[in-house]
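The chain is numbered in sequence order, starting from 1.
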Amino acid sequence: MAELMGRDGNWSFDTDVVRIVPGRDRGVHKLRQELGEVAVPLAALAGIAYEPGRKGGRLRLRLRAGADPLLHVTGGGLPDDANPFQVAVEPGRAGVAEYFADEVRQALTIEQIPDGPTDRYLLPGPAVPLAATGVDGTATFDGERVHIDWLWSTSESKKHAGARDFALADLAGVEWRPAVGLESGFLRFRPHGPATPILKPEHDPNAIELWGFKKQSGATALLAAAVAARLPHPSGATGPAPTKPPTHTPAPGLAPATPATPPPSGPAPAPDHDALLRRLRELGDLHRDGILTDEEFTTTKAAVLDQFRTGG
């Protein structure tokens with residue numbers, strides 16, 4: 001296992017998953033602290049880089065396009081200190097960071113992970129319920145419904161429209177943009193229906209206006225990501241890939257990583273990524289304890305990783 005520890009956060013890698021735990025120091029961005037621990041499966045990675053600097057450096061994960069709902073919905077708008085897939089490396093830890101990066105690169109090469117886009121999210125969205133406040137309103141999301149209440153500072157047009165309430169089925173998408181210069185940012189919900197003119201966020205009854213990117217404003221990005229994770233993937237995929245029979249012999253004492261036959265009817269269930277990550281950790285423990293041979297470990301791990309790549 002490769003490990004990198006510091007005030008900005010602790011990273012570990014066990015051949016299958018990069019586990020990221022944000023630091024609790026006052027200088028750690030609140031978005032990362034509120035998001036909490038993140039487990040990034042190897043199948044979601046396109047690369048990793050260590051960038052040395054005069055005072056330490058920075059270790060960055062590069063995720064495959066479409067693999068993470070937070071990165072997708074924020075569209076590259078997160079500053080470095082708010083990005084959960086980056087960590088500041090303290091002076092004197094450069095060698096550890098370089099070793100960590102080499103271990104991840106080697107695993108990507110061995111497993112032949114493609115670096116192209118994915119057609120489904122490989123990381124879950126932030127945990128719910130969530131609440132986030134912008135300049136003129138507060139949004140809440142409980143996993144099923146989005147509700148917006150307006151503050152006293154909102155425009156007359158939004159006050160006239162009244163509070164907003166959307167079920168997930170009502171939404172075609174969610175958008176988040178930070179403020180740039182004098183231009184306001186926004187958290188916008190797009191309901192199904194005929195296309196309507198795009199209004200400025202201060203007048204759009206389906207949008208909360210955002211100014212700047214203060215440490216507390218990251219909650220709006222997390223809420224947007226939580227909604228996006230529960231909507232159809234931006235690739236246009238309508239469901240998980242068809243279930244395939246296993247191509248590897250399962251290890252003794254473990255259930256097959258994929259069902260032997262597809263369900264008789266209906267779409268395949270969405271993959272439980274937490275269960276897959278637990279399966280990977282279980283395999284690693286059994287291999288380390290000598291219960292699984294090298295061959296059994298390799299073949300069964302490949303079957304689990306295939307579920308990450310295919311979505312089930």
Side-chain angles (χ1 to χ4, degrees), residues 4-12 18-40 44-51 53 55-90 93 97 100-101 121-135 137-141 174-188 201 207-229:
L4 175 67
M5 306 178 69
R7 290 189 298 273
D8 197 38
N10 300 333
W11 286 27
S12 61
V18 176
R19 193 166 300 280
I20 299 172
V21 180
R24 306 308 300 177
D25 190 81
R26 289 181 57 188
V28 177
H29 200 286
K30 192 172 181 180
L31 182 152
R32 293 170 52 207
Q33 293 185 347
E34 290 180 351
L35 179 61
E37 181 177 328
V38 179
V40 185
L45 293 181
I48 185 171
Y50 170 63
E51 302 169 357
K55 296 182 179 180
R58 185 165 289 274
L59 189 63
R60 303 176 188 263
L61 288 180
R62 182 166 61 90
L63 271 65
R64 298 169 62 190
D68 176 62
L70 177 62
L71 292 187
H72 168 73
V73 80
T74 55
L78 294 179
D80 281 353
D81 62 343
N83 190 322
F85 306 108
Q86 303 181 21
V87 66
V89 178
E90 298 170 13
R93 305 290 289 173
F100 192 103
Y121 293 123
L122 300 181
L123 281 79
V128 293
L130 285 170
T133 300
V135 174
T138 295
T140 58
F141 179 53
V174 58
E175 301 172 353
W176 181 92
R177 295 293 181 272
V180 178
L182 298 178
E183 184 177 353
S184 296
F186 57 83
L187 168 62
R188 174 179 286 138
I208 292 177
E209 188 178 9
L210 305 177
W211 290 349
F213 196 100
K214 298 179 180 179
K215 290 187 180 297
Q216 63 269 27
S217 69
T220 58
L222 294 180
L223 191 147
V227 174

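Counting only heavy atoms from C-beta outward, the side chains of Phe85 and Val18 never approach each other to under 4.5 Å. At a threshold of 4.5 Å between non-hydrogen side-chain atoms, the residues Leu187 and Val174 count as touching. Asp80 places a side-chain heavy atom less than 4.5 Å from the side chain of Arg60. Annotation: side chain of Pro84 is in contact with side chain of Leu70 (closest heavy-atom distance under 4.5 Å).
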- Message: Show, in sequence, the C-alpha distance, side-chain angles and deciding distance for Leu35 and Leu222, and conclude whether the side chain to side chain contact (heavy atoms under 4.5 Å, CB included) test is met.
- Response: CA-CA 7 Å; Leu35 179 61; Leu222 294 180; 4.1 Å; yes

- Message: Between Thr140 and Leu130, does the side chain to side chain contact (heavy atoms under 4.5 Å, CB included) criterion hold? Intermediate values first, please.
- Response: CA-CA 6 Å; Thr140 58; Leu130 285 170; over 6 Å; no

- Query: Going through the distances and angles, do Ile208 and Thr220 end up as a side chain to side chain contact (heavy atoms under 4.5 Å, CB included)?
  - Reply: CA-CA 9 Å; Ile208 292 177; Thr220 58; 5.6 Å; no

- In sequence, state the C-alpha distance, the side-chain angles, and the governing distance for Leu71 and Asn83, and then conclude on side chain to side chain contact (heavy atoms under 4.5 Å, CB included). CA-CA 9 Å; Leu71 292 187; Asn83 190 322; 4.2 Å; yes

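Contact between Gly56 and Tyr50 at its shortest, heavy atoms only, is O-OH, 3.9 Å. In plain terms, the two heavy atoms of Ala131 and Ala219 that are nearest each other are O-CB, 4.0 Å.
Between the OG atom of Ser12 and the CE atom of Met5 there is a distance of 9.5 Å, given to the nearest 0.5 Å. Rounded to the nearest 0.5 angstrom, Arg188 CZ and Glu209 CD are separated by 11.0 Å. The CD atom of Glu34 lies 9.5 Å from the NE2 atom of His29; values are rounded to the nearest 0.5 Å. Remark: Arg62 CZ to Ile48 CD1 distance equals 11.0 Å, nearest 0.5 Å. Remark: Leu4 CG to Asn10 CG distance equals 8.0 Å, nearest 0.5 Å.
Judged by distance alone, the side chain of Arg32 and the main-chain N or O of Asp8 form a donor-acceptor pair under 3.5 Å. A donor-acceptor pair is defined here as one N or O able to donate and one able to accept, closer than 3.5 Å; such a pair exists between the side chain of Gln33 and the backbone of Asp25.
Other residues, nucleotides and ligands contribute over 12 non-hydrogen atoms within 6.0 Å of the CD atom of Glu51.
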